[in-house]
Amino acid sequence: LFDMGGHVIFSHFAFFDQLIDAAVGTGPENWNTLERVSYVWIRDRWVPYPFQNNLYNLDLEDQIACINGVIEATKESARARPEDKPKNFDEWIMRVMG
């Protein structure tokens with residue numbers, strides 16, 4: 001087993017699922033299944049992960065700020081030239097999610 005952390009395989013493609021089953025095997029003896037329970041600490045509260053799906057846990061003002069951030073990031077990303085790739089993870093997050 002290479003990873004006991006939060007890395008998971010999500011697939012909706014039968015060919016890929018069959019490939020993984022052929023490589024790893026099928027059944028519970030070949031797979032370690034964990035229920036993911038993760039939260040983001042923000043504004044003095046825990047917000048369930050994925051954060052974007054749980055904005056309703058924030059105050060209305062913060063919900064609006066988050067949504068506006070995504071809209072602005074989307075516009076900026078659309079305007080960016082291909083050669084202006086993000087230089088690091090922080091720049092990528094800001095470009096994609098605001």
Side-chain angles (χ1 to χ4, degrees):
L1 187 62
F2 85 96
D3 188 350
M4 290 293 288
H7 296 93
V8 295
I9 298 173
F10 291 106
S11 169
H12 301 290
F13 299 100
F15 174 77
F16 180 78
D17 295 343
Q18 292 165 2
L19 181 66
I20 293 295
D21 287 343
V24 177
T26 59
E29 67 277 4
N30 293 305
W31 289 92
N32 182 33
T33 304
L34 302 171
E35 181 179 350
R36 183 177 192 164
V37 180
S38 300
Y39 293 85
V40 176
W41 178 253
I42 186 169
R43 302 287 194 207
D44 296 322
R45 69 188 75 191
W46 291 105
V47 176
Y49 180 88
F51 181 78
Q52 300 88 328
N53 292 355
N54 292 288
L55 296 179
Y56 66 88
N57 287 281
L58 299 173
D59 294 335
L60 182 59
E61 180 179 314
D62 291 326
Q63 292 176 32
I64 292 168
C66 287
I67 293 167
N68 285 338
V70 170
I71 291 168
E72 289 306 312
T74 301
K75 289 196 247 179
E76 179 137 346
S77 185
R79 288 190 294 260
R81 298 176 303 173
E83 60 270 16
D84 293 335
K85 292 181 180 177
K87 296 175 189 68
N88 53 51
F89 184 66
D90 184 58
E91 287 184 8
W92 181 83
I93 288 290
M94 291 305 293
R95 178 172 291 181
V96 173
M97 298 184 195

Fill in: ring-ring contact (aromatic ring centres under 6.0 Å, His included) against Trp31, all qualifying residues, sequence neighbours excluded
none
Practice prompt. Kindly indicate whether the side chain of Gln18, heavy atoms from C-beta on, has any atom under 4.5 Å from the side chain of Asp21.
Written response: no
Discussion item. For the backbone of Pro48 and the side chain of Asn54, can you confirm whether one donor and one acceptor N or O come within less than 3.5 Å of each other?
Written reply: yes
Side chains of residues 59-71: which donor-acceptor pairs under 3.5 Å do they make with residues two or more places apart or in other chains?
residue, atom, partner, partner atom, Å
Asp59, OD1, Arg45, NH2, 3.4
Asp62, OD1, Arg43, NE, 3.3
Asp62, OD1, Arg43, NH2, 3.4
Asp62, OD2, Arg43, NE, 3.3
Gln63, NE2, Leu58, O, 2.7
Asn68, ND2, Ile64, O, 3.4

Is [X] linked to [Y] within one hydrophobic cluster, defined over Ile, Leu, Val, Met, Phe, Trp and Tyr using a side-chain heavy-atom separation of less than 4.5 Å?
X: Leu19; Y: Val24; answer: no
X: Trp46; Y: Tyr56; answer: no
X: Ile42; Y: Tyr39; answer: no

Worksheet item: Taking atom OG1 of Thr26 and atom CG of Asp17, what is their separation to the nearest 0.5 Å?
Response: 12.0 Å
Practice prompt. Working to the nearest 0.5 Å, report the span between CZ of Arg95 and CD1 of Ile93.
Written response: 12.5 Å
